[in-house]
Every structure is written in C-alpha cells, then in structure tokens.
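A short write-up of the structure that comes next.
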Protein chains: 2
Amino acid sequence: MPTPTLEDVARHAGVSTATVSRAINTPDRVQEQTRLRVEAAIKTLSYTPNFGGQALASRRTNTVGAVIPTMDNAIFGQALQVLEESLAREGVTLLVATSQYNREREEAQVRALVGRGVDGLILIGAERPPAIYDMLDQRELPYVILWVSSGEGRHVTIGFDNDAAARMVVQRVYDAGHRKIAMIVGVNAGNDRAMKRAEGARKMCAELGLPALRIVESSYTLEAGEYAAQQILSNGERPTAIICGNDVLAAGAIFAARKLGLDVPRDLSIVGFDDIDLARVTLPPLTTVRVPHRRMGRTAARHILDWIRSDQRPDSVVYDAEWVERQSLAPPAM
Amino acid sequence: MPTPTLEDVARHAGVSTATVSRAINTPDRVQEQTRLRVEAAIKTLSYTPNFGGQALASRRTNTVGAVIPTMDNAIFGQALQVLEESLAREGVTLLVATSQYNREREEAQVRALVGRGVDGLILIGAERPPAIYDMLDQRELPYVILWVSSGEGRHVTIGFDNDAAARMVVQRVYDAGHRKIAMIVGVNAGNDRAMKRAEGARKMCAELGLPALRIVESSYTLEAGEYAAQQILSNGERPTAIICGNDVLAAGAIFAARKLGLDVPRDLSIVGFDDIDLARVTLPPLTTVRVPHRRMGRTAARHILDWIRSDQRPDSVVYDAEWVERQSLAPPAM
DNA sequence: TTGTATGCGTTATCAC
DNA sequence: GTGATAACGCATACAA
C-alpha cells in the first residue's frame, strides 16, 4: 500500500476530503463525532499530509531557511541550535544550508531555499550581491540578518557591532601594555564580519597612535591560523600580541607560538573572538570576545516569525559583545 | 508583481509551459534557440521553480533529511558538512533537524521530515522505536544510519564499531600500565553509541581481569563532563585514568583534574573519543579515537543517492576508528 | 522539437 | 456542518 492521501482518509472515515482537511486544520469547525472518525482513520492509515500539496494549496510551507558559512566548526552551532528550537516550538521547520564562505555558493543556496518555498530566511552578514536582496524584496520574503549590526536601514539585523568589538579588543590589549600588535583575520572578501573586525582594529590602532596594524588574512581552519601566526612570528618585527578574528584562528596561533617555543601569554599574548567551547579548553584558556550566540538565535526566531505572521517588518536589534578575560592576554615581557 | 510562475516564463518567451519545463530539466531536448529565449525570460523575471508544484508533479523533492542529536558542538559538524557538500553537488538539498538526544523529539523530527517529502533520510544510531522503522519501510523510504556498525542486517549502516573502539581504548590504557580505570560516558538511554562504548569498555576490563569498571553517565556538555570527573576523583578510590565517551567530556575532565591540582597526564590520564577540533587544543592535547567523520558523510551521500535513484538498497560499510596518540595518556605514577 | 492536456494532494470557496 | 469543486505550479504522456 503506497502512501495514503487525504482522499484515502476521507473514504476510510466516510466523509469528504474537505471535511478531513478541516478536521486537521480547523478542528472546531467540525463535529466532534466526525472529527473522531477522521482522527481514527488518520491513525489506522498512519497518514501524513503531503508537503507538496499543502505548500501548493496553502502557499505557505511553515519553513524557515538559514544559510550559514559552515557547520564545520562550532561558530554558528549555538545560534542555530537555539534558532531551531525556538522555531520548532512554533511548528516551524528550519532548513540549513551552507555557503562555505563562498559568494556564489551562498547565492545558489539562497535561491534554492527560496525555491523550496521557505516562508522566511536567516542570513549571516549583510554583504552579498544586491540582486539577492532585490529578489527577496520582490517576493516580499521576510529575511533577517545575523552577526552584524548595520543593515544601513535596508535590512533587519540582529547582531552586534563587529567594528566596536574589535576596537574594544585593541583597547584592552593596549591597556595591557602592548604596543606591537598584529592581527589574523578571516578572509575578508564577502565577509563583512571579518572586514569590520579588521577595520575596527586598524582604526583603533591609529587612534591610539600605534603604527599601522599588520593584518594577515587567513582561511578559517586551525591549520590556517597556525600558518598565519607562524608567518607573523617569523617575518618582520615580532609583535607582543596577536589579535585573532575568531577563536579557531586563535587556537591555531597558540599552536604556532608553542612550536616556536614561545610561552603564551608570557612571551606572546593572543586574543580570540566568538567564545566558542574551544576557547575554554585551550591552554592557556583564551581571552576572547563573547558573541551573543543564543540571544541572536532566539531573537531571530521571534522576529522572523513575527514578520511572517504579521506581515510587519520588525526592528533591528543590537546586542553587546562581551569581553571575556581568561589567560591568554598579559602585559608584555620587558 | 507576485512570484512568477512557469506560465509567466512561457508567455514571456513565447513558448508553452511544457517547453519551459523541458528547457530547465532536460535542456538537450530543446532547441538551442528556444532554450536561450527561455533562459533569458527566466533571468529577467528572476524566476525560481515552485517547490510545492515540483514536488507534487514529480513526486520527488530532491531533498534528503538528516536528524542529528545536536549542532551545539562539533561532533556531527564535519560529517554533516561533507554530506551536505556531496549532496549539493548532485543537486540535492540537505535538511537538518536536531533531536537534542531526545527520543520523542527525534521521532517527531523524523515524521516532520517524512511529511516534507524527503526522498531519503540520514539517521544517527540505530536505537529508536520500531514504529519509526515500520513507517519508513511502509513508505519504502531509503534511510541510512551513521555512527554505528551493527544494523543487525535490518538497516544500512555506515559507521564504525563503537564496541571494538572502546575495547581498543581500554587495551591501550591497560598497556600504558593503568589498572585503576574509570569511565565517563554520554547518557545511554536511546544512545546506542554511548551504550556500546560503555559496554565494550566494561567487557574489555573484565577480560583483562580488572575490577568492574566504574562508569558515570553524563550529559553532553563540558560542564557535565567536568562535574562527572569531579565526582569520580572525589569519591571512592581515585583512578589513574579516565576514559571518556567523547572529547567534550574529556575536556571537561581535564578541567576537573586541573581544579583538583592534578597534572594530566602525570597524575591522571584522560582519553577522549571522536577527535574533534577541540581535542587538539586542550592542554595536554587529547589522546583520543578518531571517528571517520568525513568518510561517513561522503559515503552516506553516495549510498542514499544510489538507493533513491536505483531503488536498490546499498550495503552497509564499516570503517575503522583510529587511535590518535597525543599527550593525555601516560603511564601512571608509581 | 514543441504544444496540449492531465494529474499530483491539498486548501479554500462556494453551495447546500 | 458538510460536500463538490476549483485553484495552486509543475512534470509528463501523448499528440502533432
């Protein structure tokens, strides 16, 4: 016996398909008795509504899509986890796709999700081809952007100020006494979070009267971070502190330092960004910046659902990024 | 203008909807010239196929669903990442849902995905209510189970032998000279991976003539692991080695040891399981067992697609779990 | 190669 | 309250 349809249920319960549909979607609009008959039929046939049919007829999918750069590390895991839970609680399914930090791939994924009829979209960062936003606007598809604070009024963003956070990091490192600072940051192209962090740090250095900040771009793996740090530590004047665009890079930098026989933080301070699990277990534990993962996830869920249901565009939200002092930052040795 | 449909494209290109459909799905069956006209129309209208319509008409969704315990840590991230990439390369979208290590929730998620018409399903572990398997069988829905090796012939599994891996760990720890061993393992209920690991370790201890292995169940967070280790180290006879059911728990155990002033591995050896990123950055770096994350992801993609497309159930695959020696295991102090 | 016509499973608009 | 029945957007068998 193939998958049962609404019609099978109707036949089984001795009613029309319309009644079955009502019994499912608006149980109050159906007599108690018939409702029970329908429910029984559904159970015995173990009927599940066909998604395609539902989507086609109701023009809604109860689905929200999210495109994140990667699932390979824990950076987006927490936010996603909370997002998923919050949506599930409202009967909405989350579809997750990844872009591998790649522009074209992200565009394709957005289109794929839109094509699947998602009722709303969660995106990371605001930097992407305008054509995408045009498409979303044209379809009046609600979307919310996480991890940044400036949608320049055009977008609903739920995040934090990467620029300000990076400035804070530099300030703290400066306050600890460091004057020779370098930075490792994720590839900037198409990644406004990385870019803003680099920019903020650069400007803050300038404001503090430090020499131009040396910034090395790196891809997003532990090994890449290690390699970048090794470059920094082997060529040119050696910094006393390295600021990293995320915790994975920072962990890599710790490796590089250790291999060169440098003690962290005595010989070299290293600061991370994100505060993922990993930041607590490195040795020394990473001094880093805590990103409001869970709050972003929860708020994103609420906002996108509000928007979908009320058809009213919600406001942007800016959370604070929090300085987390552990043990990888110390005053420089004399 | 609302979302354009196939008909809009057809009108725009001066052809029939059938031709547009063909131009999209079987471009070779359409004249170069008309194809170009259609493509132009698609572009100017920024048309995207309606998923519901597609699904309804073709009775396929080009979608594979996966239910994993959590996205909150990196344990499943790598496999999922590879899975997603491999599927995407074939034009198939991956839907990810999480169960929070919770039976009921997992069942609900499976049903939700089935309801959405996934063409196939990826599951973690074989332990779940038979009703679920019955439903999948009834619908003849292909599904592949990861992270375990024994589907007892009933299921297609792609994984490794958790029992054997745990035995190997015990053997190695024993070989290092340890005789007082304890274990922290993830909650067993509904988690056959955790259960098998506990079982394997227990039996191996027995075979080696060691006293009954003390096993503490713990939930899956760093903090829980820390707490469990603290219990082990504070009550009863203190072991010289703690075997952990996963790396997160092991990292927690390292914390606990440090807080008690114990040096790892001098005073206490700790062994992890999984070899996620985190395992390399702890101090000391974790001696652990490498799970074939990427191979499982890749093979799962291939197998599920084969099954979907050929309608022939593929074979199960067993990979080896690999011992990874780092620095958290050493002979016990005298 | 292209067009016509039908059906996919559900919801929603009508009558009854 | 309930039952016909018309969309919904697409793929496909069939005809041309």
Side-chain angles (χ1 to χ4, degrees), chain A residues 1-39 41-42 45-63 91 111-112 114-119 139 141, chain B residues 1-39 41-42 45-63 91 112 114-119 139:
Chain A
M1 172 180 38
T3 2
T5 72
L6 202 67
E7 198 177 332
D8 297 325
V9 177
R11 202 167 19 235
H12 207 86
V15 296
S16 75
T17 60
T19 299
V20 177
S21 179
R22 274 190 294 259
I24 294 173
N25 299 307
T26 51
D28 356 324
R29 302 210 155 287
V30 106
Q31 232 173 9
E32 170 90 10
Q33 201 186 5
T34 52
R35 206 199 63 218
L36 292 176
R37 280 225 309 287
V38 170
E39 282 171 359
I42 288 178
L45 295 176
S46 84
Y47 163 80
T48 316
N50 176 291
F51 178 71
Q54 265 183 332
L56 198 52
S58 71
R59 314 173 74 59
R60 291 193 322 143
T61 59
N62 283 316
T63 297
R111 289 189 187 283
V114 170
R116 310 187 81 66
V118 293
D119 298 331
R139 312 196 173 216
L141 193 71
Chain B
M1 175 179 38
T3 7
T5 72
L6 202 68
E7 199 178 329
D8 297 325
V9 177
R11 202 168 18 235
H12 207 88
V15 296
S16 74
T17 60
T19 300
V20 176
S21 177
R22 275 189 293 258
I24 294 174
N25 300 307
T26 52
D28 357 323
R29 301 209 156 290
V30 107
Q31 233 171 8
E32 169 89 10
Q33 200 186 7
T34 52
R35 207 199 63 218
L36 293 175
R37 278 227 308 288
V38 169
E39 282 171 358
I42 288 178
L45 294 175
S46 83
Y47 163 80
T48 315
N50 176 290
F51 177 70
Q54 267 182 331
L56 200 52
S58 70
R59 312 171 78 55
R60 289 192 322 145
T61 58
N62 284 316
T63 298
V114 170
R116 312 187 78 69
V118 293
D119 298 330
R139 312 197 172 216

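Within every chain, numbering begins at 1; the chains are lettered A, B, ... in the order of the sequence lines, protein sequences first and strands thereafter.
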_If you define the side chain from C-beta out and look only at heavy atoms, does anything of A:Val118 sit under 4.5 Å from B:Phe51?_
no
Between CG of B:Leu45 and P of D:dG9 the distance, given in whole Å, is 14 Å
For B:Gln31, the side-chain contact (heavy atoms from CB on, under 4.5 Å) test, sequence neighbours excluded, returns B:Thr34
Note: chain B reaches DNA chain C at heavy-atom distances under 4.0 Å over the stretch, first to last nt, 5' to 3', of C:dT1 to C:dG9
For B:Arg60, the side-chain contact (heavy atoms from CB on, under 4.5 Å) test, sequence neighbours excluded, returns B:Ser58, B:Asn62, B:Asp119
Compile the donor-acceptor pairs under 3.5 Å between side chains in residues 13-22 of chain B and protein atoms, sequence neighbours left out, one pair per line.
{"unit_1": "B:Ser16", "atom_1": "OG", "unit_2": "B:Ala18", "atom_2": "N", "d": "3.4"}
{"unit_1": "B:Ser16", "atom_1": "OG", "unit_2": "B:Thr19", "atom_2": "N", "d": "3.3"}
{"unit_1": "B:Ser16", "atom_1": "OG", "unit_2": "B:Thr19", "atom_2": "OG1", "d": "3.2"}
{"unit_1": "B:Ser21", "atom_1": "OG", "unit_2": "B:Asn25", "atom_2": "ND2", "d": "3.3"}

By salt bridge (charged side-chain N to carboxylate O under 4.0 Å, His left out), A:Arg35 pairs with (sequence neighbours left out) A:Glu32, A:Glu39
With sequence neighbours left out, the residues meeting side-chain contact (heavy atoms from CB on, under 4.5 Å) with B:Gln33 are none
**Prompt:** With a non-hydrogen cut-off below 4.0 angstrom, is B:Val20 in contact with a base, only sugar-phosphate, or nothing?
**Reply:** nothing
A:Leu56 CG to D:dA6 C1', in whole Å, measures 13 Å
Applying salt bridge (charged side-chain N to carboxylate O under 4.0 Å, His left out) to B:Arg11 and not counting sequence neighbours gives B:Glu7, B:Asp8
The reported gap from CG in A:Leu56 to CG in B:Asn50 (rounded to nearest 0.5 angstrom) is 6.0 Å
Between CZ of A:Arg59 and C1' of D:dA7 the distance, given in whole Å, is 9 Å
Rounded to whole Å, the CG-C1' distance (B:Asn50 to D:dG9) equals 5 Å
Separation between CD (A:Gln54) and CG (A:Leu6), nearest 0.5 Å, reads 9.5 Å
Tell me what A:Leu6 touches on the nucleic acid: a base, only sugar-phosphate, or nothing, going by heavy atoms under 4.0 Å. base
Below 4.0 Å: OP1/OP2 of D:dG3 and any side-chain N or O of A:Ser16: yes
I want to check something: taking the side chain as every heavy atom from C-beta on, are A:Val9 and A:Leu45 in contact at a cut-off of under 4.5 Å? yes
From CD of B:Glu7 across to C1' of D:dA7 the rounded distance in Å is 12 Å
Angle separating the five-pair end axes of the helix from C:dT1-D:dA16 to C:dC16-D:dG1, nearest 10°, is 30°
Value for OG1 (B:Thr5) from OH (B:Tyr47), rounded to nearest 0.5 Å, stands at 7.0 Å
B:Ile24 atom CD1 is separated from D:dC10 atom P, nearest whole Å, by 8 Å
Between CZ of B:Arg11 and C1' of D:dG9 the distance, given in whole Å, is 13 Å
Detail all sub-3.5 Å separations between protein N/O atoms and N/O atoms belonging to nucleotides 12-16 of chain D.
none

